[in-house]
Amino acid sequence: MVSEYIGTVISTVSSPSPSNVDFVVTKGVVHRGQFVEIEHAEGTMLALITNVIKTNKYFERADSIKEFEARGNAIFEQFPAAEWEYIVANTRPLGVFTSSGVRRPSTPPSPGTKVRLANTELLKKFYGFDDNGLHLGKVEFHDLDVKLNLTRLLKKHLAVLSISGAGKSYAVSCLIEGLLDRKKEHGRIACVVFDPHGEYSSFAEPAKKGFTDYSDRALVVKGNQIRIGVPNLSIRILSGIIPGLSLTQRRELSRILAELKKDMRAGNGPFDFAKVKQAIVDDSEIKSNTKAALLAWLSELENMHLFAKMDLPSIRDLVMPGKLAVIDLSDIIDVKKKQIIVSYFAQKMFSERRKARIPPFLLIVEEAHQFCPERASEEQAISREIIRTIAREGRKFGASLCLISQRPVQLDTTALSQCNTKLILRITNPYDLKHIAESAEAIDQRSMDMITSLQVGEALIIGEAVGYPLFFKVRQRKSMPSKHEITLEEAALHYEEKITKRDSETEALL
Ligand SMILES: Nc1ncnc2c1ncn2[C@@H]1O[C@H](COP(=O)(O)OP(=O)(O)O)[C@@H](O)[C@H]1O
Ligand SMILES: [Mg+2]
């Protein structure tokens with residue numbers, strides 16, 4: 001469907017050029033952020049309205065207006081001034097649709113060329129939206145759903161960045177819904193979330209009226225119930241968890257583990273750290289100071305109540321096509337323990353995926369700056385290495401990352417720069433903005449300025465998934481919002497109800 005003309009390209013000092021086309025509005029109202037199409041010698045040019053300026057010849061000279069009004073005259077009453085108001089829109093050409101595909105504009109349209117609102121099909125083609133893609137929102141002013149192709153969005157990783165409260169977790173919930181809603185014939189991947197605040201647990205609860213129920217496709221594992229099987233720990237993983245391990249200690253521990261694993265294969269059953277410690281005590285080859293150090297390290301790990309004879313849950317229960325597993329870390333206070341869990345499960349997922357023993361997956365890391373920090377010693381960043389490895393190598397194996405952070409500047413640059421698509425919501429901190437600009441080539445100053453003024457749920461997506469930066473509005477979620485989101489009033493009421501109940505119970509006892 002061809003829409004009607006809304007304007008005509010004008011000739012100014014800087015327009016029309018391949019990067020800047022201004023037009024005068026001849027019909028209706030236009031908005032910044034709207035897309036238009038302009039006839040072009042090579043085909044149809046698609047352009048984005050970057051600014052809208054109202055002009056009126058009667059009000060061009062400040063001194064005359066002041067003079068005139070100072071004498072008690074009203075310009076609008078005495079002159080046909082209103083008829084002289086006109087609107088000029090500045091646009092940025094994005095591409096030209098030619099018979100041989102979309103090209104970057106290299107020549108301008110001619111002055112006098114007619115301008116129309118962009119056809120939605122054209123826009124859809126330009127951004128590469130996919131009917132079977134992940135529905136994240138809507139392009140404002142155009143009746144067009146943002147449906148991103150799964151491969152383009154996730155194959156080379158996604159970063160979701162904004163200040164706290166701008167809508168990151170909400171947008172990621174929409175993404176998860178899209179993954180869980182996928183039909184088998186379109187290809188379903190598994191989804192695992194490391195969730196430090198327990199924000200995603202509601203996916204596994206039966207939905208209240210008005211919400212879509214995902215509880216049959218979602219599993220929540222509480223951090224304190226998680227166990228890591230000691231026989232599954234390689235010396236490499238252990239060195240990551242115990243950064244102070246010396247070379248000698250590492251060698252001896254590696255030998256003991258190999259012996260215990262051999263015993264296990266011989267039918268002696270799986271082992272835990274108590275058994276490893278016993279084997280160290282019984283070993284005659286290890287020097288006493290090495291023994292003491294190893295026993296101390298292992299006791300420290302034992303005290304975390306995290307290690308056992310077997311993994312709980314097993315990786316295969318966690319990573320299933322079309323399913324979501326939420327690893328709810330909100331009940332763990334110890335940062336090191338959280339990092340060990342993330343590190344272990346991420347390594348395990350990556351290595352199992354390389355062997356094609358689990359389906360392709362998306363690993364979502366909330367508060368990614370905690371698990372993959374920019375400046376922190378090895379001891380304080382146990383999970384950083386594996387996140388970097390997946391960021392660098394994951395795409396070859398169908399292991400995708402979604403890193404979420406409200407402190408981009410504290411997020412590891414190596415990992416961030418591997419996220420070829422970035423979903424950016426409101427950001428105000430100049431250091432964070434600079435950090436993002438450094439890790440993304442496609443972002444221009446005007447877009448950067450707009451990021452600071454976005455509203456909750458408004459987003460800019462840049463990179464691989466869309467090709468050209470796009471501002472859009474995140475859609476409403478279908479799943480139930482998390483309990484975590486109660487208002488301060490509600491929290492205050494809950495507290496007082498609890499107190500009243502306790503008081504009446506005490507009274508009854510007296
Ligand atoms: N697209 C949206 N539509 C409606 N409400 C939203 C949207 N995005 C966020 N919100 C609301 O804004 C608040 C903060 O969102 P949240 O996703 O928790 O922010 P963040 O994870 O960035 O800290 C929540 O109460 C959420 O319901
Ligand atoms: Mg959040």
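Each ligand, and each atom within it, is numbered from 1 in the order the structure gives. If you read the sequence from its start, that first residue is 1, and numbering goes on from there.
Among the backbone and side-chain atoms of Ser169, an N/O/S atom is found under 2.8 Å from the Mg ion (ligand 2).
To the nearest 0.5 Å, the span separating CG on Leu117 from NZ on Lys27 amounts to 10.5 Å.
By heavy-atom distance, the residue among Leu136, Val172, Val474, Val456 lying nearest atom 9 (C) of ligand 1 is Val456.
Look at Pro481 and you'll find every heavy atom at least 4.0 Å from all atoms of ligand 1.
Contact annotation: for Ile163 versus ligand 1, heavy atoms closer than 4.0 Å belong to the backbone alone.
For ligand 1, none of its N or O atoms has an N or O atom of Gln476 under 3.5 Å away. Geometrically, ligand 1 and Ala171 share no nitrogen or oxygen pair separated by less than 3.5 Å.
Salt-bridge formation is detected for the pair Glu464/Lys156: a Lys NZ or Arg NE/NH1/NH2 atom is positioned less than 4.0 Å from an Asp or Glu carboxylate oxygen. Salt bridge status for Asp328 with Lys222: present, with a side-chain N to carboxylate O gap under 4.0 Å. In summary, Lys124 and Asp131 engage in a salt bridge, as defined by a charged side-chain N under 4.0 Å from a carboxylate O.
For the ring-ring contact (aromatic ring centres under 6.0 Å, His included) with His142, the qualifying choice from Tyr127, Phe471, Phe35 is Phe35, the only one to do so.
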